[in-house]
Amino acid sequence: MPKIKICGLRREEDIAYANELSPDFAGFIMAPSRRRVSVGEAVILREKLRRDIPAVGVFVNQPVSEIAVCAAQGAFDWIQLHGDENEEVIRELKKCVPMPIIKAVRVKSERDCLQADKLSCEYLLFDTFSEEGYGGTGQTFSWEMIPPNLKHPYFLAGGIDCTNIEKAVKTGCYAVDVSSGAETGGVKDKIKMGQLIRTAHAEKG
């Protein structure tokens with residue numbers, strides 16, 4: 001069964017929705033973004049989140065030392081690197097933070113996916129390429145660019161919402177990753193979250 005990550009949780013109401021609706025992962029943005037939370041806020045949110053829902057801390061080109069300090073505070077259970085981090089950064093991070101690592105790739109071609117498949121992270125995340133930033137575009141990319149038989153399980157992100165999640169979960173992804181598609185007016189929408197989670201979990205993997 002495909003999994004689903006709801007990213008960009010930042011209010012106590014968001015956590016209450018997650019606790020009720022049971023996504024497989026909850027994402028906290030630790031990098032510059034309108035959805036960014038501080039380490040202290042992330043710790044509080046993690047304490048209120050059900051323990052069986054892993055929290056993912058999302059970082060963009062931040063020093064390994066900073067990520068390690070955040071991890072030591074207990075704010076999250078997984079790490080997502082969503083910038084230009086390379087194999088050297090991943091290896092350095094693995095030495096000091098014993099958590100699964102997701103490496104995001106902004107896909108311009110099949111080659112980007114194949115190159116990323118050589119990394120030592122546990123998971124990949126394929127997102128839409130944009131010159132404007134490192135994610136949160138709300139736009140999809142051509143999922144046909146993802147080659148079959150990759151070694152890494154992968155999260156699929158970029159413009160996934162209630163209109164296309166059925167197609168998204170059939171791509172072979174390990175999980176779909178939704179942020180703006182679960183929002184109305186810039187905040188998480190319980191109805192949309194519920195529909196997304198139910199659709200993902202209804203698809204037999």
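Only heavy atoms go into these numbers, but all of them, side chains included; no hydrogens, no water, no symmetry mates.
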Would a 4.5 Å heavy-atom cut-off, applied to side chains only, mark [X] and [Y] as touching?
X      : Y      : answer
Val105 : Cys113 : no
Ile15  : Leu9   : yes
Val58  : Met30  : no
Leu81  : Leu93  : yes
Val178 : Asp161 : no
Ile165 : Val169 : yes
Ile79  : Pro100 : no
Val176 : Pro2   : no

So how far is it from [X] [atom1] to [Y] [atom2], rounded to the nearest 0.5 Å?
X      : Y      : atom1 : atom2 : answer
Leu150 : Leu114 : CG    : CG    : 6.5 Å
Cys173 : Lys3   : SG    : NZ    : 11.5 Å
Ile191 : Leu196 : CD1   : CG    : 12.0 Å
Ile44  : Arg46  : CD1   : CZ    : 14.0 Å
Ile53  : Leu21  : CD1   : CG    : 9.0 Å
Ser22  : Ile197 : OG    : CD1   : 7.5 Å

Membership question, hydrophobic clusters at under 4.5 Å side-chain separation (ILVMFWY): are [Y] and [X] in the same one?
X      : Y      : value
Trp78  : Val64  : no
Tyr174 : Val107 : no
Leu125 : Tyr123 : yes
Ile6   : Phe155 : no
Ile102 : Ile67  : no

Discussion item. Take a 6.0 Å sphere around CD of Glu13 and say whether it holds more than 12 heavy atoms from other residues, nucleotides or ligands.
Written reply: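 Yes, CD of Glu13 has more than 12 neighbouring heavy atoms, counting only those of other groups under 6.0 Å.
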Listed partners of [X] passing side-chain hydrogen bond (donor to acceptor under 3.5 Å, both in side chains), at least two apart:
X      : answer
Glu47  : none
Arg11  : Asp14
Lys151 : none
Thr171 : none

Can you tell me if [X] uses its side chain to pair, donor with acceptor, with the backbone of [Y] under 3.5 Å?
X      : Y      : answer
Asp177 : Leu156 : no
Asp77  : Ala55  : yes
Glu92  : Ile90  : no
Asn164 : Lys167 : no
Arg50  : Asn19  : yes

Discussion item. Test of understanding: with salt bridge (Lys or Arg N to Asp or Glu O under 4.0 Å), list the residues that count as partners of Lys94, not counting sequence neighbours.
Written reply: Glu122
Worksheet, complete the sentence: By salt bridge (Lys or Arg N to Asp or Glu O under 4.0 Å), Arg198 pairs with (sequence neighbours left out) none
For a quick test of reading the model, state the closest non-hydrogen atom pair linking [X] to [Y] and the distance between them.
X      : Y      : answer
Thr128 : Gly158 : OG1-CA, 3.7 Å
Ala116 : Leu124 : O-CD2, 3.6 Å
Cys96  : Pro98  : O-CD, 3.9 Å
Val37  : Ala42  : CG2-CB, 4.0 Å
Glu85  : Gly83  : OE1-N, 2.8 Å
Cys70  : Val39  : SG-CG2, 3.3 Å

Worksheet entry | Pairs involving residues 92-113, ordered by first then second residue, that meet ring-ring contact (aromatic ring centres under 6.0 Å, His included) (sequence neighbours left out) |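 For residues 92-113: none.
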Discussion item. Enumerate the ring-ring contact (aromatic ring centres under 6.0 Å, His included) contacts for residues 33-58, please, sequence neighbours excluded, ordered by first and then second residue.
Written reply: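 Matches after skipping sequence neighbours: none remain.
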With sequence neighbours excluded, tell me which residues meet ring pair (Phe, Tyr, Trp, His ring centres under 6.0 Å) with [X].
X      : answer
Phe59  : Phe76
Phe28  : none
Tyr154 : Phe126

Worksheet item: Would you call Arg106-Asp127 a salt bridge at under 4.0 Å N-O?
Response: no
Item to complete: Using the side chain to side chain contact (heavy atoms under 4.5 Å, CB included) rule, take Arg10 and Val187 through it: C-alpha gap first, then chi angles, then the decisive distance, then the call.
Response: CA-CA 9 Å; Arg10 56 188 176 86; Val187 295; 3.7 Å; yes
Worksheet entry | Donor on one side chain, acceptor on other, Lys5 and Gln80, under 3.5 Å | yes
Discussion item. Suppose the criterion is salt bridge (charged side-chain N to carboxylate O under 4.0 Å, His left out): which pairs have a residue in residues 186-196, not counting sequence neighbours?
Written reply: Glu20-Lys190, Glu183-Lys188
Worksheet entry | Identified side chain to side chain donor-acceptor pair (under 3.5 Å) partner of Ser120 from the options Lys103, His152, Glu87 | Glu87
Item to complete: Determine, stepwise, if the pair Ser142 / Glu110 fulfils side chain to side chain contact (heavy atoms under 4.5 Å, CB included).
Response: CA-CA 10 Å; Ser142 177; Glu110 179 179 306; over 6 Å; no
